[in-house]
Visitor: 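Take this structure, written in structure tokens, and hold onto it; I'll ask about it next.
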Protein chains: 2
Amino acid sequence: MSKTQESFASTISSEITATLRDAIITGEIAQGSKLSETKLARDFDVSRGPLREAIRNLEGMSLIAYIPQQGARVVTLSKELVLDIYDAREALESKAAALAATNMSSREIDELHRIIDAQGKHMRDNSNAYIPAESDYDFHNTLVRGAKNKVIENALLQRLYYLIKMFRYQNDFANKSTSNSLLEHRQIVYAIELRDPELASVTAKRHIAHTRARIMRRLNALNSANGSKANN
Amino acid sequence: MSKTQESFASTISSEITATLRDAIITGEIAQGSKLSETKLARDFDVSRGPLREAIRNLEGMSLIAYIPQQGARVVTLSKELVLDIYDAREALESKAAALAATNMSSREIDELHRIIDAQGKHMRDNSNAYIPAESDYDFHNTLVRGAKNKVIENALLQRLYYLIKMFRYQNDFANKSTSNSLLEHRQIVYAIELRDPELASVTAKRHIAHTRARIMRRLNALNSANGSKANN
DNA sequence: CGCCTGAAAAATGTCGACAGTTGTTGCGAC
DNA sequence: GTCGCAACAACTGTCGACATTTTTCAGGCG
């Protein structure tokens, strides 16, 4: 996968953080599996110090859970957790859209246009295809940054989006943004251009709620189909 | 101050985390000041290892910002950041209230009643007094936990509330919840009892928005009064 | 007088080793 | 054969020291 964010500082721990982050997102390191400091230190050929730092960083991204005296485990994206994530995202991103309607610069709005126009072109060129995941991330990243709220930005970009990326990467169906998504993106940009926070909030809220509902249907279908095909 | 949360594991780093956390919240360690690993390690008479862990933990609570190769600094609660915090809180807590209306057990609703009844009694006994800060925390903690959403709960209880507690502790006026707050608490509980997510969401949203507005007025008043009385 | 330079001081980054805890395994008793 | 206990192995927690980077500040140049 393309690096989520280049995030380089020249420290070993930050490099390991990025490497592990991507390995977790792609599923190369399985959900629920344990991250052994000793083993990883051998693998990366570094001491355990930087590794502990990296694990703490991943904990800050919500990608792992840390239990004292026991170690770190990769988060398990249960159906409940995924739906919780989308509820939280709905709350934060609808507020972000409202704030963006007030605070976004016209230059940033242009950027939103550029992104959704590219999405539209891509759909015309590949009739009825899906929006590329990267392009969808671009749209939401730009929207969130336009809100000019560091707390919301941090919660979404540094925490929830990693989990969502992980979920999408490991569940093909979750990447299938239809033409509905593009339409909803257009509505959000329209509301922001009107400088109408209420409308922007409602349209963004619905956009996320629709995505959540689609995911819930798919997860329920998988559940009833697979029955007891639980993972260890 | 009373310990925010006893959070004991028998590890040194967790104890130091709790101690530093409280020192930052009370302002004993000033906003914007640097946390020197070397110095703190001497003060606590431990090696730098556990201290680095503690600093990472505090970073996870948003109480400090960490800059590679430079170290950790206590967060500075600028007017902009405080208002951002309350906007994020409005988004998350209104959603929490909506979810609580659906998911809260009757036992938990009873707990909410117990809390606001105590608040009412306290106000009658000390005519027109303020709601004690601890009691206000109790109310919101119970509400948020009742939403049964681990992501929202984590964002509020493990991050935003520490910052809010810090702001309140260091700004006396921010603690002055009037009888309005009690009334709004009652409205929220009422909506939850009705199992009406929409009403719960709106009432909670207004409650936070009112608090935010009151704080904004006070901060603006301080700003124009103090002029250039900036801190180093 | 101010600015640049560079060496000294201090701080952060990393390492390897030891201590204490947790989890496992195999033996023995019932 | 099963349960419980003990020795062992593996892992996390902590430490002190070394390496590298940043900061400080005194000296000299313009």
Side-chain angles (χ1 to χ4, degrees), chain A residues 5-21 23-24 28-76 231-232, chain B residues 5-21 23-24 28-76 231-232:
Chain A
Q5 200 172 319
E6 274 312 329
S7 49
F8 37 93
S10 52
T11 63
I12 291 179
S13 69
S14 64
E15 283 175 25
I16 293 179
T17 300
T19 303
L20 287 178
R21 177 197 63 197
I24 290 172
E28 187 183 336
I29 301 179
Q31 293 181 27
S33 65
K34 190 176 171 195
L35 293 180
S36 162
E37 294 176 11
T38 319
K39 183 178 180 306
L40 288 174
R42 277 195 298 268
D43 291 350
F44 286 107
D45 196 37
V46 295
S47 77
R48 277 174 51 228
L51 249 168
R52 288 173 71 90
E53 305 274 327
I55 285 177
R56 292 284 174 174
N57 289 338
L58 295 171
E59 192 186 11
M61 299 175 186
S62 300
L63 290 177
I64 66 161
Y66 198 85
I67 303 174
Q69 311 282 13
Q70 291 195 15
R73 274 188 184 282
V74 177
V75 68
T76 299
N231 41 1
N232 48 344
Chain B
Q5 199 173 322
E6 274 312 328
S7 49
F8 42 89
S10 53
T11 63
I12 292 180
S13 69
S14 64
E15 283 175 25
I16 293 179
T17 300
T19 303
L20 287 178
R21 178 198 64 198
I24 290 172
E28 186 183 334
I29 301 178
Q31 292 182 28
S33 64
K34 191 175 171 193
L35 293 180
S36 163
E37 294 176 11
T38 319
K39 182 179 182 306
L40 288 174
R42 275 195 300 267
D43 291 351
F44 286 106
D45 197 36
V46 295
S47 77
R48 278 173 50 229
L51 248 166
R52 288 173 72 89
E53 304 275 327
I55 285 177
R56 292 284 175 175
N57 289 339
L58 295 171
E59 192 186 10
M61 298 173 184
S62 302
L63 290 178
I64 66 161
Y66 196 84
I67 303 175
Q69 311 281 14
Q70 290 194 16
R73 274 189 184 284
V74 177
V75 67
T76 298
N231 42 1
N232 48 344

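In what follows, chains carry the letters A, B, and so on, assigned in the order in which the sequence lines appear, proteins first and then strands, with residues in each chain numbered from 1.
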Visitor: How close or far is atom C1' of C:dT14 from atom CZ of A:Phe44, stated in whole angstroms?
Guide: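 After rounding, the gap between these two atoms is 16 Å.
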Visitor: Atom CZ of B:Arg42 to atom P of C:dA11: distance rounded to whole Å?
Guide: 6 Å
Visitor: Rounding to a whole Å, what distance do you find between A:Ile16:CD1 and C:dG13:C1'?
Guide: 12 Å
Visitor: Between the side chain of B:Arg73 and the main-chain N/O of B:Gly32, is any donor-acceptor distance below 3.5 Å?
Guide: yes
Visitor: Can you tell me how far P of D:dC11 sits from CZ of A:Arg52, to the nearest Å?
Guide: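 Between P of D:dC11 and CZ of A:Arg52: 14 Å.
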Visitor: Given atom CD of A:Glu53 and atom P of C:dT12, what is their separation to the nearest angstrom?
Guide: 12 Å
Visitor: Indicate, with a heavy-atom threshold strictly under 4.0 Å, whether B:Leu35 touches base, sugar-phosphate, or nothing.
Guide: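 Sugar-phosphate, no base atom in range.
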Visitor: Would you say A:Thr17's side chain and A:Ser13's backbone share a donor-acceptor pair under 3.5 angstrom?
Guide: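 The answer is yes, because a donor-acceptor pair under 3.5 Å joins these two groups.
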Visitor: Look at B:Arg56 together with B:Glu59 and state whether they make a salt bridge at an N to O cut-off of under 4.0 Å.
Guide: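 Salt bridge: yes.
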Visitor: For the pair made of CG in A:Leu51 and P in D:dC11, what is the distance, rounded to whole Å?
Guide: 13 Å
Visitor: When the distance from CD of A:Gln70 to P of C:dT24 is rounded to whole Å, what number comes out?
Guide: 11 Å
Visitor: Please determine if a side-chain N or O atom of A:Thr38 lies less than 4.0 Å away from the OP1 or OP2 oxygen of D:dT12.
Guide: yes
Visitor: Can you give me the closest heavy-atom contact between B:Ile64 and B:Val74, atom names plus distance?
Guide: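 Closest approach of B:Ile64 to B:Val74: CG2-CA, 4.1 Å.
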Visitor: Listing time: all N or O pairs from protein to nucleotides 15-17 of chain D that are below 3.5 Å?
Guide:
| unit_1 | atom_1 | unit_2 | atom_2 | d |
| --- | --- | --- | --- | --- |
| D:dC15 | OP2 | B:Ser47 | N | 3.0 |
| D:dC15 | OP2 | B:Ser47 | OG | 3.1 |

Visitor: Of the candidate nucleotides D:dC11, D:dT14, D:dT21, which contains the atom at the shortest distance from the side chain of A:Ser36?
Guide: D:dC11
Visitor: If I take atom CD in residue A:Glu37 and atom P in nucleotide D:dT12, what distance separates them, rounded to the nearest angstrom?
Guide: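 The answer, rounded to whole Å, is 5 Å.
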Visitor: For A:Arg56 and for B:Gln69, locate the closest nucleotide of DNA chain D by heavy-atom distance; then report the residue assigned to the nucleotide nearer the 5' terminus.
Guide: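 Result of the comparison: A:Arg56.
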Visitor: List the atom of B:Leu51, the atom of B:Leu40, and the distance in Å for their closest heavy-atom pair.
Guide: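 Residues B:Leu51 and B:Leu40, closest heavy atoms: CD1-C, 3.3 Å.
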Visitor: Can you name the closest pair of heavy atoms from A:Ile55 and A:Glu37 and give their distance?
Guide: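 Closest approach of A:Ile55 to A:Glu37: CD1-CG, 4.0 Å.
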Visitor: Please confirm whether the backbone N or O of B:Gln70 pairs with a side-chain atom of B:Lys34, one donor and one acceptor, at under 3.5 Å?
Guide: yes
